[in-house]
Amino acid sequence: MECNGKVYLVGAGPGAADLLTLRAARLIASADIVLHDALVGADVLALAVRAEVVDVGKRCGLASTSQSFIGRRLVEAAHRHRTVVRLKGGDPMLFGRAQEEIDALIDAGIEFEIVPGVTAAFAAAAEIRSPLTVRGLGRSVTFLTARVAKGEGPSQWWRAAVAADTVAIYMAGRQLADLAEELIDAGIPAARPVALVSNASLSSVQWQRLTLGALLDPRMSGGEAPTLLLIGEALAWRNPANEGSKRVLISGAPEPVSGPQRRLVA
Ligand SMILES: C[S@@+](CC[C@H](N)C(=O)[O-])C[C@H]1O[C@@H](n2cnc3c(N)ncnc32)[C@H](O)[C@@H]1O
């Protein structure tokens, strides 16, 4: 069958629609069909004014559409439509299983293009007003997930965390105590500053500054919200500019124990 369609793997950013790139917004507005992840919000989807909008629900850990099914849907969509947008949370090239989709498109001979987006770690750093690199405290950043795919075998994921100055752990929300234990066992001091940030860039954002050791408390959880764990000396509470966030971010929240934060403890 002849195929005139082109597929765009588009980064939807961390949630706020106005953090989309201009290119992403234009493509969404002109798309014939948009296939999106579960984390892509209604404000972003509202830009798809003329498209058929399909939830292909990739949400880590929760029931999600199989990757091969998504690949087939993309190929099928490219045969039926001229502009196919595959909207993926954050940046499509980071923990987004983009390779499987790219493989499916290449195998089917379909033209495609990647449109980057703001990844969650950058949105989280912006929320808490802490740079991921700070002169003398952090000159390297690692993007990490401790989750392993079925059949991948044992992972020594913590090695990368030990080697980096600042670590951004994705898909961290529901396994904080286990992660902290493994990192401390691997040699990261329990006193290392961390920040937990859920729903970065959205009005429902929650965040909290702690130490790695404090995450051993089993009550600590990001719950079902997308949560990122930042670890590193660069996260230490020493930036006077952060004082402003106390007023902006914690209105209505209980008084913080140390420094401005939005509590995540159940
Ligand atoms: C499957 S990964 C996709 C990451 C995405 N490609 C990116 O670049 O941000 C999903 C994870 O990203 C993180 N995440 C996504 N959006 C977030 C947000 N708004 N706030 C905090 N963490 C977020 C969470 O750790 C979540 O479990």
Side-chain angles (χ1 to χ4, degrees), residues 8-21 24 35-45 55-67 70 85-102 114-130 132 141-150 152 157 161 166-176 178-180 194-210 215 220-231 235 245 249 261-264:
Y8 296 85
L9 299 190
V10 176
D18 55 359
L19 284 180
L20 281 169
T21 63
L35 300 107
H36 67 92
D37 283 352
L39 283 181
V40 177
D43 289 356
V44 171
L45 295 175
D55 180 357
V56 288
K58 298 274 327 149
R59 178 72 215 281
C60 33
L62 300 179
S64 59
T65 315
S66 86
Q67 198 58 49
I70 295 175
V85 166
R86 168 69 175 111
L87 254 186
K88 297 168 88 70
D91 184 275
M93 304 304 249
L94 198 64
F95 304 130
R97 307 202 43 193
Q99 188 60 56
E100 289 92 326
E101 295 177 20
I102 289 170
I114 316 287
V115 179
V118 175
T119 192
F122 298 155
E127 286 288 7
I128 64 170
R129 303 187 186 195
S130 278
L132 300 178
V141 183
T142 289
F143 301 106
L144 193 62
T145 179
R147 289 179 70 89
V148 289
K150 273 196 194 121
E152 224 179 89
W157 63 271
T166 305
V167 188
I169 304 191
Y170 287 69
M171 294 169 255
R174 281 175 290 155
Q175 45 176 350
L176 293 171
D178 292 344
L179 292 178
V194 307
L196 266 178
V197 186
S198 292
N199 286 332
S201 85
L202 298 169
S203 57
S204 52
V205 63
Q206 287 197 306
W207 52 278
Q208 189 162 7
R209 289 172 187 279
L210 302 146
L215 297 182
M220 200 63 72
S221 169
E224 296 302 324
T227 299
L228 197 98
L229 173 61
L230 297 171
I231 307 172
L235 277 303
S245 64
L249 288 176
Q261 50 198 330
R262 282 189 157 194
R263 300 196 70 77
L264 286 164

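Atoms within a ligand are numbered from 1 in the order they appear, just like the ligands themselves.
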Is ligand 1 less than 4.0 angstrom away from at least one heavy atom of Ala124?
-> no
Proximal ligand 1 atoms for Asp91, defined as those under 4.0 Å from one of its heavy atoms | 6 (N), 7 (C), 8 (O)
Check: Thr142 and Thr166 side chains under 4.5 Å, non-hydrogen atoms | no
Among Ala120, Ser201, Ala12, Ala38, which one has a heavy atom closest to atom 23 (C) of ligand 1?
-> Ala120
Please could you name the atoms of ligand 1 that Val197 approaches to less than 4.0 Å, counting only its heavy atoms?
-> 21 (C)
Check whether any N or O atom of Ala200, backbone or side chain, sits under 3.5 Å from an N or O atom of ligand 1, and answer yes or no.
-> yes
Quick one: ring-ring contact (aromatic ring centres under 6.0 Å, His included) partners of Tyr170, sequence neighbours excluded?
-> Phe95
Polar atom proximity, Ala172 to ligand 1 (N or O, under 3.5 Å) = no
Given Leu19, Thr227, Leu230, which one has a non-hydrogen atom that is nearest to atom 24 (C) of ligand 1?
-> Thr227
Would you name the heavy atoms of Pro92 and Leu9 that are closest together and state the gap between them?
-> CG-O, 3.8 Å
The atoms of ligand 1 lying under 4.0 Å from a heavy atom of Asn199, numbered in the order shown, are 19 (N), 20 (N), 21 (C)
Backbone of Gly96 reached by a side-chain donor or acceptor of Lys88 within 3.5 Å | yes
Spatial distance of atom CG (Asp43) from atom CG (Asp18) [nearest 0.5 Å] | 9.0 Å
Quick check: does Pro14 get an N/O under 3.5 Å from an N/O on ligand 1?
-> yes
Might you point out which heavy atoms bring Val118 and Pro14 nearest each other, and give the distance in Å?
-> O-CD, 3.4 Å
Between Ser198 and ligand 1, does any nitrogen or oxygen pair lie at a separation below 3.5 Å?
-> no
Output yes when a side-chain donor or acceptor of Asp55 lies under 3.5 Å from a complementary backbone atom of Gly57, and no otherwise.
-> yes
Heteroatom distance test (Gly90, ligand 1): nitrogen or oxygen, under 3.5 angstrom | no
Given that the side chain starts at C-beta and the backbone is N, CA, C, O, which of these parts of Leu202 lies under 4.0 Å from ligand 1, counting heavy atoms, or is it both or neither?
-> neither
Look at the side chain of Thr119 and the backbone N and O of Phe122, then say whether any donor-acceptor pair between them is shorter than 3.5 Å.
-> no
For ligand 1, which atoms sit closer than 4.0 Å to a heavy atom of Gly89?
-> 5 (C), 6 (N), 7 (C)
Arg209 side-chain N/O to Leu235 backbone N/O, donor-acceptor pair under 3.5 Å | yes
Could you list which atoms of ligand 1 come closer than 4.0 Å to a heavy atom of Phe95?
-> 1 (C), 2 (S), 3 (C)
For ligand 1, which atoms, with element, lie under 4.0 Å from some heavy atom of Thr119?
-> 7 (C), 8 (O), 9 (O)
Is the shortest heavy-atom distance from the side chain of Tyr8 to the side chain of Leu87 under 4.5 Å?
-> no
